[in-house]
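Each remark here refers to the structure printed beneath this line.
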Amino acid sequence: MGHRNLGLCSLKYANHVCLVSVINYRIAATTPFHPLWRHSCSLFHSTITNAPPPLSALHALSIKNASLQTLNSANHLLNLYAKSNNMGNAQKLFDEIPQKNTQTWTILISGFARAGSSQVVFNLFREMQTKGASPNQYTLSSVFKCCSLDNNLQLGKGIHAWMLRNGVDVDVALGNSILDLYLRCKVFEYAERLFENLPYKDVVRIVSWGSMVSGYVWNGMYEDCLKIFKLMVRELVVVDIRTVTTVISACANVGILEFGRHIHAYIQKIGHRIDAYVGSSLIDMYSKSGSLDDAWMVFRQINEPNVVLWTSMISGCALHGQGRQAIGLFEEMLKQGIIPNEITFLGVLSACSHAGLLEEGFRYFSMMKDAYHINPGVEHCTSMVDLYGRAGRLMETKNFIFENDISHLTSVWKSFLSSCRLHRNVEMGKWVSEMLLQVAPSDPEAYILLSNMCASNHRWDEAARVRSLMHQRGVKKQPGQSWIQIKDQIHTFVMGDRSHPQDKEIYSYLDVLIGRLKEIGYSLEVKLVMQDVEEEQGEVLISHHSEKLAVVFGIINTANRSPIRIIKNLRICTDCHSFIKNASQLLDREIIVRDIHRFHHFKHGSCSCGDYW
DNA sequence: ATAGGGTTAG
């Protein structure tokens, strides 16, 4: 064992365990040149180099007549296998150990838990108890992790109840794994009660906070997440950076720029370095909140960019329709020797489709398959359908769908139908509609797209038939909502909303604005968007769509010429799109709308989406 | 010796 190896070891696995193992094997050996010593060395070496250790090392261990000393050695060795994800060898060794103690079982269980083999873990857990070994905190933690992986709330609850009955002590780490289960299974009452009861002083209690935060994010409870974050800031001096990362991702989903900015400032205040993790989530947050400039600023200041960081910047550009920038970034990334993953390509393809870059999109799709050997997933294929369709290559779109076996996907047909509508190909559109309704008979958006297509081709009867079919089948349109942040307050609007305190002001200004916009060429496209409002209630309701209310509210409550940012939970409707284009011209205001699909930057009477969305 | 939370897509 030379210095070179030890040096390597300190670099890579400067792990006390390795050294202790080697020393133990050395003690276990009877002579200085016993084969075991040699095997230990090679095992140690392979730990360093991360290659699988030779199996013969196992058999060299003569543990049949084991002393306590050799059991410890065996456990160490077992641990090495488990840590290096070599569960095959771990199992073999485990089977050869005659007197297994709690640690022996626990090491194997935790190895399988890490590998995600929950069923194996459950079986071992049962077996160890029948063999008289009692689980400790570590064992239980691994078992809960597997319950969580499998969404097996019942088993987890059973074990937890058994622990309570038997007075098993729950330390914070174990508590966190139970917490994780309850959060993943969305039983927030349990999670919250457990959270309250965990030892408060433990420094790793910080992880419990983090679990609560990410639990809320997984379940889309962004407001609860932000609330608990504020509580953390108040109660703890410093919130750790991993939790902050989760909170930022919650902000990205809500898309509220000002709150995201506060958290960014908070990170700077507590003096945390912004690594690739935080950087990626900040970039994502800024681009989803409508400020690509801030995203770029974060991107440029990260010292050690990784593939995720590049990908978030590329996807951000895609979201804002900046196809060329996205491609430029991607090429730069390749030049720097960073290997793109499937999500990177998704970003690139979606950038191409949002910007109508057909050839480039096709080239990157091939590159993904041929140069990087990534099998196209359904999302990649959907992007390609978007790309072909937007370019008006409807026959190619159709062929692509069947060649790639994606005809069962709702998103594919929705995208195709939008393209038929854009290119006014009614015949293809009707066929696509039939396919869509077969796949998605209860999807409200399918009916709306379909009747919009009929309407934009002046086929009013057919549009009406689609609407009544939707009613017959009891398909309800998801209510449209838009929101805007002014200072610390988030204002949410639904269509025809009268609940806002500034209600009167909003509606009277809206009327005035519509009048002035009509003078510069805007006309309410009543018939075109009738479907969006479910009932034929005419011009009034359309003029009161939630995004119009939010825009007007923004105009009233912000300084002249400052940008207005709106978020909408559905696709923006044709009429609102035209309304906002004209308003941006008349008032010389930048209006930025994030809809369910992408961003629209309205400026000087036109939109960054090029009227395709 | 063995256990616990983070980033990018949709």
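Order of the sequence lines sets the chain letters (A, B, ...), proteins ahead of strands, with each chain counted from 1.
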Select one nucleotide: of [options], the one nearest the side-chain heavy atoms of [X].
X	options	value
A/Lys145	B/dT7, B/dG6, B/dG4	B/dG4
A/Gln137	B/dG6, B/dA1, B/dA3	B/dA3
A/Thr245	B/dA9, B/dT7, B/dG5	B/dT7
A/Ser110	B/dA1, B/dT8, B/dA3	B/dA3
A/Tyr138	B/dG10, B/dA3, B/dA1	B/dA3
A/Val308	B/dT7, B/dA1, B/dG5	B/dT7

How many Å lie between [atom1] on [X] and [atom2] on [N], as a whole number?
X	N	atom1	atom2	answer
A/Phe112	B/dT2	CZ	P	17 Å
A/Ile248	B/dT8	CD1	P	10 Å
A/Glu379	B/dG10	CD	C1'	6 Å
A/Leu349	B/dA9	CG	P	14 Å
A/Glu342	B/dA9	CD	P	12 Å
A/Asp240	B/dG4	CG	C1'	12 Å
A/Met128	B/dT2	CE	C1'	11 Å
A/Arg594	B/dG10	CZ	C1'	13 Å

Are any of [X]'s side-chain N or O atoms less than 4.0 Å away from OP1 or OP2 of [N]?
X	N	value
A/Lys83	B/dA1	no
A/Lys288	B/dA9	yes
A/Arg114	B/dA3	yes

Next item on the list: Decide, applying a 5.5 Å centre-distance limit and a 30° plane-angle limit (both strict), whether A/Tyr277 stacks on B/dG6.
Entry: yes
Margin query: Between the side chains of A/Asp386 and A/Arg390, is the shortest nitrogen-to-carboxylate-oxygen separation below 4.0 Å, so that they form an ion pair?
Written below: no
Item checked: NZ/NE/NH1/NH2 to OD/OE distance under 4.0 Å, A/Arg273 and A/Glu304 -> yes
Just wondering, more than 12 heavy atoms not from [X] lying within 6.0 Å of its [atom1]?
X	atom1	answer
A/Phe195	CZ	yes
A/Phe362	CZ	no
A/Lys369	NZ	yes

Next item on the list: Determine the contact category for A/Asp284: base if any of its heavy atoms lies under 4.0 Å from a base atom, sugar-phosphate if only primed atoms, P, OP1 or OP2 are that close, otherwise nothing.
Entry: sugar-phosphate
Check: Which part of the nucleic acid does A/Val244 contact within heavy-atom distance under 4.0 Å: base, sugar-phosphate only, or nothing?
Finding: nothing
Notebook entry, point to check: Below 3.5 Å, does any donor atom in the side chain of A/Thr243 face an acceptor in the base of B/dG5, or the other way round?
Noted result: yes
Notebook entry, point to check: Below 3.5 Å, does any donor atom in the side chain of A/Asn136 face an acceptor in the base of B/dA3, or the other way round?
Noted result: no
Next item on the list: Kindly say whether A/Cys609 contributes a backbone atom to a donor-acceptor pair with the side chain of A/His600 at under 3.5 angstrom?
Entry: no
